[in-house]
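Shown next, in structure tokens, is the structure this report addresses.
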Amino acid sequence: MYKPSDKTTWNGRIDPQDGVLGLRWHQIVQLLDLSREVAESEGSIIFLGFSCDEGVRRNQGRVGAAAAPSAIRQAMSALADHLPDEVQLFGGGDVICANQRLEEAQAQLGRKVQMLLRKGYKPLVLGGGHETAYGHFLGIQPHLKPGEKLGIINLDAHFDLRTYGQHPSSGSPFLQIADALQAGGQEFRYLCLGIQEYGNTRKLFKTAADLGVQYCTAEEVQTGAETVQQKLREFLDGVDKVYLSIDLDVFAAAYAPGVSAPTALGITPHAALPLLRQIIQSGKVLSLDVVELNPALDIDNRTAKLAAALIFHLVQEWH
């Protein structure tokens, strides 16, 4: 199911006395209906929601992430416009998971992302649970040229490499991606930043080792900036394109209380920002997403505002 954006999800304060110098994102975003082919727009950034928490439910998590795209858009609406005139922002509506049909929703998300990449847009997907990642990947994979090396960077407290069988969930997307790449004879290149040892079983660490996954723990991200940046630099040097995923549960619960699985000893936003800038400034980011906001559990919209602030800095660098 798909629902186009409307202005009810992009609204906020207006300061007419300040003219163009007083604009906010809700005043500059242009709305697109992705139920039809869209015009080409090379380099424009488009926000596409994935209104889904079925993967979280299957993963025995706290549901509520289906409401996240709307909450993030509302928080982004208030952001001040500091973008160059040539940079355009678009709202692309929401792919909605209906009747617990996760796989159908992921396939539809993949089709939307594939179309947007083909038309020259830079998709920024607003999850949803982390099941968003597999649907997102389904749109990225067909866009890759033969021989291009895709690198996946995930800021997350968890590997999300859970064995899935017939029941994929928010805990399994990167194992699903690994299986899909290996089935096509492609290498799985995955770097996870912010891993919590207490949040991942020995089985998950073994799966990561078997797949050649690289990672840095939350403690390393928080305290070992130079070492992490060097690891990130080497990873970026070894790939052609990057898919970046940000799971808000990587951040300490004080900053991100409204997530499906809060993290007591997570990282701070200021530890993440230099790494995010490094990733974006590589010029290799093809597409990205922000996932796992649960508005029903948020405090004073703290997590939604964090998501919006991160997106602000990403967009400033990505254009």
Side-chain angles (χ1 to χ4, degrees), residues 48 50 55 58-59 95 102-125 127-156 158-193 195 200 203-216 231-247 279-280 282-289 291:
L48 174 60
F50 187 57
R58 295 183 187 183
N59 200 32
V95 172
L102 172 58
E103 292 78 6
E104 289 182 18
Q106 288 172 319
Q108 186 175 35
L109 175 61
R111 290 192 294 272
K112 302 296 186 200
V113 169
Q114 183 181 0
M115 177 182 71
L116 292 170
L117 290 171
R118 188 174 73 248
K119 296 291 185 175
Y121 292 85
K122 295 176 176 178
L124 200 161
V125 179
H130 220 157
E131 64 268 28
T132 303
Y134 185 63
H136 197 162
F137 167 78
L138 291 176
I140 293 171
Q141 188 180 29
H143 186 74
L144 298 172
K145 297 180 177 66
E148 270 191 329
K149 300 174 184 176
L150 176 68
I152 301 168
I153 302 175
N154 181 25
L155 270 71
D156 201 331
H158 309 95
F159 285 116
D160 288 344
L161 293 168
R162 202 177 291 275
T163 304
Y164 56 94
Q166 299 300 311
H167 302 285
S169 72
S170 62
S172 66
F174 297 102
L175 183 57
Q176 293 173 263
I177 292 171
D179 289 345
L181 286 169
Q182 290 174 352
Q186 298 165 283
E187 189 176 345
F188 179 54
R189 299 174 176 87
Y190 180 37
L191 172 63
C192 207
L193 303 174
I195 286 294
N200 296 270
K203 167 64 175 173
L204 289 167
F205 274 98
K206 183 178 186 305
T207 301
D210 290 346
L211 291 170
V213 172
Q214 300 181 53
Y215 68 91
C216 295
K231 187 170 223 175
L232 184 52
R233 190 176 303 114
E234 291 171 358
F235 183 84
L236 289 167
D237 286 345
V239 301
D240 302 305
K241 299 293 182 185
V242 169
Y243 159 38
L244 170 62
S245 188
I246 302 171
D247 187 328
I279 295 165
I280 294 291
S282 72
K284 296 182 178 183
V285 175
L286 192 62
S287 195
L288 67 91
D289 57 43
V291 303

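Remember, predicted model here, so these are calculated numbers, not experimental data. Side chains included, hydrogens not; waters and symmetry mates left out as well; all remaining heavy atoms used.
For the atom pair CG (Leu116) and CD1 (Ile140), the distance works out to 11.5 Å, reported to the nearest 0.5 Å. Taken to the nearest 0.5 Å, the CG atom of Leu244 stands 9.5 Å off from the OG atom of Ser282.
Contact of the Val213 side chain with the Phe188 side chain is registered, since non-hydrogen atoms from C-beta on lie closer than 4.5 Å. Inter-residue side-chain proximity for Leu288 and Ile279 is flagged as unmet; no heavy-atom pair is nearer than 4.5 Å. Using a 4.5 Å cut-off on side-chain heavy atoms (C-beta onward), Phe205 and Ile195 make contact.
Between the side chains of Glu234 and Gln214, no donor-acceptor pair of N or O atoms lies under 3.5 Å. Between Asp179 and Tyr164, the side chains place a donor N or O and an acceptor N or O closer than 3.5 Å (distance only, hydrogens not considered). At a cut-off of 3.5 Å, with distance as the only test, a side-chain donor of Asp156 or His130 sits close to an acceptor on the other residue.
More than 12 non-hydrogen atoms from other residues, nucleotides or ligands lie less than 6.0 angstrom from CZ of Phe235.
Nearest heavy atoms, Pro123 versus Leu117: CD-CD2, 3.5 Å. Shortest non-hydrogen contact noted between Pro173 and Ser170 is CD-O, 3.3 Å. For the pair Ala180 and Gln141, the tightest heavy-atom approach, listed with the atom from each and the gap, is O-NE2, 4.0 Å. Here the closest non-hydrogen pair linking Ala105 and Val95 is O-CG1, 3.7 Å. Taking all atoms of both residues into account, the shortest heavy-atom contact from Gly129 to Thr132 is O-OG1, 2.5 Å.
In this structure, the side chain of Lys284 does not engage the main chain of Leu150 through any donor-acceptor pair within 3.5 Å.
Considering His143, His136, Lys122 in turn, His136 is the only one that fulfils the side-chain hydrogen bond (donor to acceptor under 3.5 Å, both in side chains) rule with Ser287.
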Can I get a per-line list of side-chain donor-acceptor pairs under 3.5 Å for residues 236-243, giving both atom names and the distance, sequence neighbours left out?
| from | atom 1 | to | atom 2 | distance (Å) |
| --- | --- | --- | --- | --- |
| Asp240 | OD2 | Lys149 | N | 2.7 |
| Tyr243 | OH | Asp289 | OD2 | 2.4 |

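For Tyr134, there are no ring pair (Phe, Tyr, Trp, His ring centres under 6.0 Å) partners at least two apart in sequence or on another chain.
Residue pairs meeting the side-chain hydrogen bond (donor to acceptor under 3.5 Å, both in side chains) criterion with at least one member in residues 103-116, sequence neighbours excluded, are Arg58-Glu103.
For Phe137 and Phe174, the gap between ring centers reaches or exceeds 6.0 Å.
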